Novice: 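My structure is below; once you've seen it, I'll send some questions.
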Number of protein chains: 2
Amino acid sequence: MQLDNRKKEVLHAIVDDYVSTNEPVGSKSLIERYNFNVSSATLRNDMAELEHMGLIEKPHTSAGRIPSDKGYREYVNSLMTIEELSPKEQLEIEKRIDSSVDEVTDLIKNATHTLSETTGFVSLAMSPRLKKSFLKQLKILMIEPGKALVVMVLSAGVVKDKVVRIPNFLSDEQIMKISGAIEKSLTGKPLDEITLVTVETAGKSTDVPEPLLKQVLYEAYAAIKQADELNIYLEGEHRMLSLPDFSSLGRARDLLGTLSDSGMVAGYVNEMENAAREQGNDDSFMIRIGQEIALEGLDDCSFITATYNLTDSVSGNIGVIGPKRMLYSKVISQIDFVKKKLNKEMQRFT
Amino acid sequence: MQLDNRKKEVLHAIVDDYVSTNEPVGSKSLIERYNFNVSSATLRNDMAELEHMGLIEKPHTSAGRIPSDKGYREYVNSLMTIEELSPKEQLEIEKRIDSSVDEVTDLIKNATHTLSETTGFVSLAMSPRLKKSFLKQLKILMIEPGKALVVMVLSAGVVKDKVVRIPNFLSDEQIMKISGAIEKSLTGKPLDEITLVTVETAGKSTDVPEPLLKQVLYEAYAAIKQADELNIYLEGEHRMLSLPDFSSLGRARDLLGTLSDSGMVAGYVNEMENAAREQGNDDSFMIRIGQEIALEGLDDCSFITATYNLTDSVSGNIGVIGPKRMLYSKVISQIDFVKKKLNKEMQRFT
DNA sequence: TGTTGGCACTCAAAGGGATAGAGTGCTAAT
DNA sequence: ATTAGCACTCTATCCCTTTGAGTGCCAACA
């Protein structure tokens, strides 16, 4: 069945009304608040059909209607119109994202913080996916006998390091040789093309004795692999407690319980991103509504992320988790604006 | 007024009972559940006096009594006896604190995580106070023109780094000279004795031209200062939502709202620590109950921390924030055991 | 003087209607 | 296709009563 024009308007109005009042919407209040030139009985018929199509539902027999997940989905896909933020709002965001930081990570944390404050919801960002970035420098510094620090500088101005154990009696000089050899042969290589074999081959040119060498090479390899692990920054969980949507302790507990496992959330975002890429979905937004989200306790939430770019091939995600009952157009423009600002500021680092 | 023996027992029983049942305790149930060889009327008299002394209070006229902050305080100071954890519990904790990590920070995070899981409350740890640790190494690595990485190795095996901006046309060689000069003259100095002047003096021995030199020295100084900033690790906020003590949305919101500002919590812990030191309070535990905690929304909480030691002069705090209505002796032994385990594992790093 | 049984009193919590009101579906007329 | 009208449904709210655990106080007792 197709949605005729009026039915679209009705659904639109129901979503708008429910989002702003948090009350199930009845045919009468719809007539009162919106300019439909028909009677409430007509709307009742329309609403019955919308319900039949699964776009709206009743909490109980004698209540008004609320949008279903499918209804929100229809709203988001075809009905809403996105407006730009007002200059004032834009300024507010620009001001908050402090751009004087020296590391990309701080910039991302900053943006996440801003997003949570401006939307009033939970915000999150993934660290950049560094697989496609390449090694610009790799140094191994001796910290003390048996311990060294592997420092890597990646394209896109990201610096990573890791403390590793090395054989006790390796000399400073030997370490520097190994470090130099690795750097010489791996510089310019994307991280996802560096394997244990590549690293071991790189180390062969040194005259360091085999077993010692091997351990160091392994540790260096592990450090490189760790560098492209994903981090997630989550912020503003407590804000959900102020929303009427989570006034039931049970829901709130489930939600925050799930969010507390940031690794799990990170994994999910990553999956979503990969799935979207495979589908060739190059929409810059990913929107998941209610049950579409495969995480426990997020049934009443919507999950919206955008992709930011650090370089052409290095990107990450930033977005929010809020109640399904949100002002989608507003929140999407906020995310979009933060993302754009982030992209702009990131140019300084590349 | 002094507490005679029976009154002590009564208070003890009231706290125990209230902690385990979460119900105000009446004179009759006290008689039923504990072996007082007197009548309920006698206990009523005692309870009236305990109330008069401010140790217990009534939620309303016809309810039983619950301990007041002062009552809990008395309980903690004089009444409770701390038992060791059972071997099984000890094993459980030892197993969870994964000691195979390579950095102190990870070890601390680990311990924090374990503490939250075993107590079921919010756990927190402060990073070690590094003011008294000394510089073992300082290297400045050129990342790209205009940007360098300052890497510091501190006594106690802590590694810190910071990306800094430097003048664009400084050469690799010049940077190395400066780096060497700073390292040479500051190695072995405690962080809190390093000032901008010390750093600038150290740099004088190089032949790098004045204005360029000055900027690098300033950035190096800033990096050193940043190294002794305190971090806080907070975990398990969501667990508070499962406690009946925070079944009111309002309380839960206030609590999590405050905890979400981790900088503020860190500042408070630090204040507490300093105050304790000034008073020469060398109890290894700091316990704050209810209103004693100068943080909004923690009126129904107790805040217990212990001090761990990375070296003789470098220490930090680890502990929990839970409901006032907690099994103090149990929680304290849990914190104590985690602290001891942490101390033991930390020896590997020093 | 400390202890006890007895008793009137208090108050939150739980249960049970009754009522109001917003909303619905259906039908018959337009 | 639209509308007015109407009977029906169901929650939320208010109010009233009952229940029961607990208290304070008094007079008697050891």
Side-chain angles (χ1 to χ4, degrees), chain A residues 1-11 13-18 20-68 71 244 247-248, chain B residues 1-11 13-15 17-18 20-68 71 244-245 247-248:
Chain A
M1 191 191 301
Q2 264 304 76
L3 281 179
D4 63 41
N5 269 341
R6 199 183 53 222
K7 289 209 189 69
K8 283 187 186 169
E9 277 169 40
V10 172
L11 179 56
I14 290 175
V15 173
D16 283 352
D17 205 69
Y18 183 61
S20 65
T21 65
N22 195 26
E23 300 286 327
V25 190
S27 52
K28 213 174 154 196
S29 38
L30 221 41
I31 295 284
E32 274 168 23
R33 281 193 276 260
Y34 302 84
N35 292 324
F36 290 103
N37 292 317
V38 291
S39 76
S40 65
T42 309
L43 289 198
R44 274 205 290 286
N45 291 333
D46 287 349
M47 286 162 83
E49 288 200 50
L50 288 172
E51 181 172 5
H52 189 71
M53 295 159 78
L55 294 166
I56 58 181
E57 53 198 27
K58 285 184 287 203
H60 49 261
T61 327
S62 74
R65 306 300 213 295
I66 61 175
S68 65
S247 61
S248 135
Chain B
M1 190 191 301
Q2 263 304 75
L3 280 179
D4 63 40
N5 270 341
R6 199 183 54 222
K7 289 211 189 66
K8 283 185 187 171
E9 279 168 38
V10 172
L11 179 56
I14 290 175
V15 173
D17 205 70
Y18 183 61
S20 65
T21 65
N22 195 26
E23 300 285 328
V25 190
S27 52
K28 212 174 154 194
S29 39
L30 221 42
I31 294 284
E32 275 167 22
R33 280 193 276 259
Y34 301 84
N35 292 324
F36 290 103
N37 291 316
V38 291
S39 77
S40 66
T42 308
L43 289 198
R44 275 206 289 286
N45 290 333
D46 287 350
M47 287 162 83
E49 288 200 50
L50 288 172
E51 181 171 6
H52 189 71
M53 294 158 81
L55 295 166
I56 57 181
E57 53 198 26
K58 285 184 285 203
H60 49 263
T61 326
S62 73
R65 307 301 215 293
I66 61 176
S68 65
D245 310 70
S247 60
S248 134

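Bear in mind the structure is a predicted one, so any value in this text is a computation, not a measurement. Chain naming here is simple, since letters A, B, ... match the order of the sequence lines and numbering starts at 1 in each.
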Novice: Could you state the NE2-C1' distance from A/H60 to D/dA12, rounded to the nearest angstrom?
Specialist: 9 Å
Novice: Any side-chain to backbone donor/acceptor pair from B/S68 onto B/E57? Under 3.5 Å, distance only.
Specialist: no
Novice: Can you tell if the side chain of B/V38 reaches within under 4.5 Å of the side chain of B/R6, non-hydrogen atoms only?
Specialist: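 Sidechains of B/R6 and B/V38: in contact.
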Novice: For DNA chain C, note the earliest and the latest nucleotide, 5' to 3', having some atom under 4.0 Å of a heavy atom belonging to chain B.
Specialist: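 Range of nucleotides touched by chain B: C/dT3 to C/dA12.
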Novice: Quick check: closest heavy atoms across A/S40 and A/S27, and the distance to 0.1 Å?
Specialist: O-CB, 3.7 Å
Novice: Which heavy-atom pair separates A/K7 from A/D46 by the least distance, and what is that distance?
Specialist: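 Looking at all heavy atoms of both residues, the closest pair is CE-OD1, 3.9 Å.
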Novice: Does a side-chain heavy-atom distance below 4.5 Å link A/F36 with A/T42?
Specialist: no
Novice: Which letter, B, S or -, goes with each nucleotide of nucleotides 14-30 of chain D from 5' to 3', with contact meaning a protein heavy atom under 4.0 Å?
Specialist: -------BSBB------
Novice: Name all residues meeting the salt bridge (charged side-chain N to carboxylate O under 4.0 Å, His left out) criterion together with A/D16; count only those two or more places apart in sequence or in a different chain, and write none if there are none.
Specialist: none
Novice: Can you name the one residue among B/L30, B/V10, B/V15 that meets side chain to side chain contact (heavy atoms under 4.5 Å, CB included) with B/V25?
Specialist: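 Of B/L30, B/V10, B/V15, side chain to side chain contact (heavy atoms under 4.5 Å, CB included) with B/V25 is met by B/L30 alone.
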Novice: Are there more than 12 heavy atoms of other residues, nucleotides or ligands under 6.0 Å from atom NZ of A/K28?
Specialist: no
